[in-house]
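Residue numbers begin at 1 in each chain, while the letters A, B, ... track the order of the sequences.
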There are 2 protein chains.
Amino acid sequence: MSPYHHGDLRRAVLTAALDVIATDGPAALSLRDLARRAGVSHAAPAHHFRDRTGLLTAIAAEGFGLLAAATTEAVDLKDAGVRYVRFAREHPAHFQVMFTPGLLRTDDLELTTARALAGDALRTAVSQARPDADGPDARLTGIAAWSVAHGFATLLLSHNLDEVVGDRPPEDVFEALTGLLFRPA
Amino acid sequence: MSPYHHGDLRRAVLTAALDVIATDGPAALSLRDLARRAGVSHAAPAHHFRDRTGLLTAIAAEGFGLLAAATTEAVDLKDAGVRYVRFAREHPAHFQVMFTPGLLRTDDLELTTARALAGDALRTAVSQARPDADGPDARLTGIAAWSVAHGFATLLLSHNLDEVVGDRPPEDVFEALTGLLFRPA
DNA sequence: CGCACAACTTGACACTGACAAGATTGCCCG
DNA sequence: CGGGCAATCTTGTCAGTGTCAAGTTGTGCG
């Protein structure tokens, strides 16, 4: 079961890639550099991921799995949003890659199933919050909630909220923000 | 004033770059390819943009300028949001680059001033909507509105709303969405 | 007219992703 | 227990890229 030479090269390359992406973005990623970090030859990673796109696709699929797991445990819609933001903060590399389709093999089976799983978790949270409105209204509510959480998370990771958030936990700011949103203007 | 050989190589490279980014993302961008498209030697673009980062920084700065111009004309906060979404849809390459700091020279003067200008336009729209609440509450309102619009725009460009939006103008969907958001739950 | 400067070219180097072919190692099955 | 077999990894190579240095060409200005 366990590979022989390195122990688990696949995992090693993945974590090294996540490290690079989290600090310098996906553009700074180099397969040869990852190979060097793992102490293997330059072509070894290709055997596990096929190519650069394959590696990023694997990361995205893993990310959607983690996101689905986190979201499923939410007690209500606001909690789901908080968990979404927390996921983005704790797994910035996954998050960034997940929503950059230009880097991915979008028809990959593992990726599409993981993404569907995460989508189900979100829809469940929405239907719990508004059991009355099924149909198009519920779908719009889902997009609204998703947009708020996703926008906040994205702006957070792109360092556009640094001054406003300060040293507070971003999830607290987000929670305050949602309370503001669902009040009448 | 006008360059001699090409006419206006700077603009030609910029528009070619925007074209590539809009269809295949910033990762697919190659300075040598842009030079070929413009019919110049491989090192010609460097003279105008210094390097790859410089080109992307110039695109981001231009994008913030365009966004500021569009947002300034908004009549109220909802309109500002609609314009934000429309900007993302009409200038997807700019938008994508603007919010990927890993690709940019973040301390570039043109970039920071253009970004500040766009920020002012947003804050003005927020203060028009809520002239009573100045202070931290207004800042939170600004982030909330920004998050909704930015999240919707980002999900739209990453093709996560394709089925829901269908062939309707995305701005209409966004407008319906905001109406839903500012009602009490 | 000629001169300084901006715009562009040519050439080179290190690095990268991808592919092909060979070597090594652990595992399975007879 | 041992021999083949497949997975894992290596070595070598090729085209393409970004970037730098140095040379060329055209242009406007004094």
Length of the [atom1]-[atom2] vector between [X] and [N], whole Å:
X       : N      : atom1 : atom2 : value
A/His47 : D/dC9  : NE2   : P     : 8 Å
B/Arg36 : D/dG18 : CZ    : C1'   : 13 Å
B/Asp8  : C/dA7  : CG    : P     : 10 Å
A/Leu31 : C/dG17 : CG    : P     : 5 Å
B/His42 : C/dA7  : NE2   : P     : 18 Å
A/Leu9  : C/dT25 : CG    : P     : 16 Å
A/Asp51 : C/dA18 : CG    : C1'   : 8 Å
A/Asp33 : C/dA14 : CG    : P     : 19 Å

Donor-acceptor pair under 3.5 Å, B/Arg32 side chain vs D/dG18 base: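 Such a pair is found, so the answer is yes.
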Pair of N/O donor and acceptor under 3.5 Å linking D/dT8 base with A/Arg10 side chain: no
N or O in side chain of A/Ser30 less than 4.0 angstrom from C/dT16 OP1/OP2: yes
Distance test, side-chain N/O of B/His48 to OP1/OP2 of C/dC8, below 4.0 Å: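 Result: yes.
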Listed nucleotide nearest any side-chain atom of A/Ala44, set C/dA6, D/dT10, C/dT9: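 Looking only at heavy atoms from C-beta outward on A/Ala44, the closest nucleotide is D/dT10.
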Salt-bridge contact A/Glu62-A/Arg11 (side-chain N to carboxylate O under 4.0 Å): yes
Centroid-centroid distance, A/Phe99 to A/His150, less than 6.0 Å: yes
Near-ring test A/Phe95/A/His91, centroid separation under 6.0 angstrom: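 Between A/His91 and A/Phe95, the centre distance exceeds or equals 6.0 Å.
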Which atom of A/Ala17 lies closest to which atom of A/Ile59, heavy atoms considered: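 Looks like CB-CD1, 4.0 Å.
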Touch class at under 4.0 angstrom, heavy-atom based, for B/Leu34 against every strand present: nothing
Over 12 foreign heavy atoms within 6.0 Å of CZ, A/Arg50: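 Atom CZ in A/Arg50 is not crowded, with 12 or fewer foreign heavy atoms closer than 6.0 Å.
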